[in-house]
2 protein chains.
Amino acid sequence: MREFQRAAVRLHILHHAAEREVHGAWMTEELASHGYQISPGTLYPTLHRLEADGLLVSEQRVVDGRMRRIYRATAAGRKALAEDRKALRELAREVLGDDEVR
Amino acid sequence: MREFQRAAVRLHILHHAAEREVHGAWMTEELASHGYQISPGTLYPTLHRLEADGLLVSEQRVVDGRMRRIYRATAAGRKALAEDRKALRELAREVLGDDEVR
DNA sequence: GGCGTAAGATCGGATGCCGATATCGGCTTC
DNA sequence: GAAGCCGATATCGGCATCCGATCTTACGCC
């Protein structure tokens with residue numbers, strides 16, 4: 001279902017950016033591996049929004065002879081991730097039932 | 001967080017409409033009780049879309065001297081609900097971890 | 001320097017969101 | 001039986017987002 005796409009994209013970005021450095025092309029692959037096909041016209045504006053909201057910080061860097069913009073989560077980003085996880089857990093409980101979600 | 005709003009609204013509507021008859025005002029209360037504030041300008045177009053997609057059927061009825069449009073899930077609606085639940089479970093596993101979601 | 005390439009950025013039409021406002025149907029009151 | 005009320009539903013308009021297609025950038029290579 002595509003309704004989860006938006007939430008899934010945001011969660012995955014924050015999730016990974018909280019643990020390591022991520023960049024757009026890698027996120028595209030990562031999301032695709034979970035079945036979320038996202039076009040660059042969606043991903044890049046999303047990254048920019050998260051940065052504008054102070055949840056990510058970016059930096060340009062040359063890796064393997066390629067210019068990349070790498071992102072990391074800020075403290076606010078990790079906080080937002082925790083809140084998003086909480087919201088997801090609650091939604092899962094509501095719809096899947098307490099017996100499926102601890 | 002508001003990223004889940006859209007998915008949550010759709011899931012709750014299908015979930016309840018699969019088990020009983022629902023109407024707009026009741027869904028507004030139900031969603032609000034779960035912390036999802038939805039404006040009529042979002043809810044009613046959403047109901048219309050679900051009906052146009054064949055997931056709900058509606059019928060006008062007078063209840064307690066009030067005209068209401070009541071909705072029930074179709075077979076396709078129940079199928080969509082099952083798929084949405086599956087997508088939610090998978091997203092929860094990815095982001096919350098297998099140990100939290102059965 | 002010019003080229004190829006991969007990553008990122010942007011554009012534009014379509015869709016969705018949502019607060020505010022309008023409408024609708026049945027009821028009540030006179 | 002006309003007027004007006006009220007709750008429920010419908011619509012409107014402005015703004016944000018989506019996303020495929022396309023353009024730009026920056027580097028290495030020759």
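Numbered from 1 within each chain, the chains take letters A, B, ... in sequence-line order.
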Q | Rounded interatomic separation in angstrom, taking CG from B:Leu47 and P from D:dT9 | A | 9 Å
Q) Under the salt bridge (Lys or Arg N to Asp or Glu O under 4.0 Å) test, which residues partner A:Lys79, sequence neighbours left out? A) none
Q) Taking the side chain of A:His48 as its heavy atoms from C-beta onward, which of D:dT17, C:dC17, C:dA9 lies nearest to it? A) C:dA9
Q) Whole Å only: how far is the CZ atom of A:Arg69 from the C1' atom of C:dA9? A) 10 Å
Q. Mind checking whether B:Val62 and B:Arg68 have side chains closer than 4.5 Å, heavy atoms only?
A. no
Q) What about B:Met67 and B:Tyr71, same hydrophobic cluster or not, with Ile/Leu/Val/Met/Phe/Trp/Tyr joined at side-chain heavy-atom distances under 4.5 Å? A) no
Q | A:Gln5 side-chain N/O to A:Tyr36 backbone N/O, donor-acceptor pair under 3.5 Å | A | no
**Q.** Residue-phosphate contact under 4.0 Å: B:Arg6 side-chain N/O, C:dT15 OP1/OP2
**A.** no
Q: Let me know the distance between CG of B:Leu43 and P of C:dT21, rounded to the nearest Å.
A: 20 Å
Q: Could you check how far OH of A:Tyr44 sits from P of D:dT17, rounded to whole Å?
A: 19 Å
Q) Taking atom P of C:dT15 as reference, at what distance in whole Å does atom CD of A:Gln5 sit? A) 17 Å
Q) Within a strict 4.5 Å, meaning less than it, do heavy atoms of the B:Thr42 and B:Val9 side chains meet? A) no
Q. The side chain of A:Pro40 lies closest to which of these nucleotides: C:dG19, D:dC19, C:dA9?
A. C:dA9
Q.
Would you say B:Glu30 and B:His12 are linked by a side-chain donor-acceptor pair, where the criterion is simply a distance under 3.5 Å?
A. no
Q | Length of the line joining A:Arg61:CZ and C:dG8:P, which is rounded to integer Å | A | 12 Å
(Q) Looking only at the side chains, is there a donor atom on one of B:His23 and B:Arg61 sitting less than 3.5 Å from an acceptor on the other? (A) no
Q. Got a sec? Which of residues 13-29 of chain B come in under 4.0 Å of DNA chain D, heavy atoms?
A. B:His23, B:Gly24, B:Ala25
Q) Can you find a pair of side-chain heavy atoms, one from A:Leu56 and one from A:Arg72, that are under 4.5 Å apart? A) no
(Q) Taking only side-chain N and O atoms of A:Ser39, does any of them lie within less than 4.0 angstrom of OP1 or OP2 on D:dC19? (A) no
Q: Using only side-chain N and O atoms of A:Thr42, determine if any of them is under 4.0 Å from OP1 or OP2 of D:dC19.
A: yes
Q) Mapping B:Arg68 and A:Gly41 to their closest nucleotides on DNA chain D, which lands nearer the 5' end? A) B:Arg68
Q. How close or far is atom P of C:dC18 from atom CG of B:Leu31, stated in whole angstroms?
A. 12 Å
Can you give me the N/O atom pairs linking the protein to nucleotides 22-27 of chain C at distances under 3.5 Å, or say none if there are none?
| from | atom 1 | to | atom 2 | distance (Å) |
| --- | --- | --- | --- | --- |
| C:dG25 | N2 | B:Arg66 | NH1 | 3.2 |

Q | Shared hydrophobic cluster, A:Trp26 / A:Leu14 (ILVMFWY, side-chain heavy atoms < 4.5 Å) | A | yes
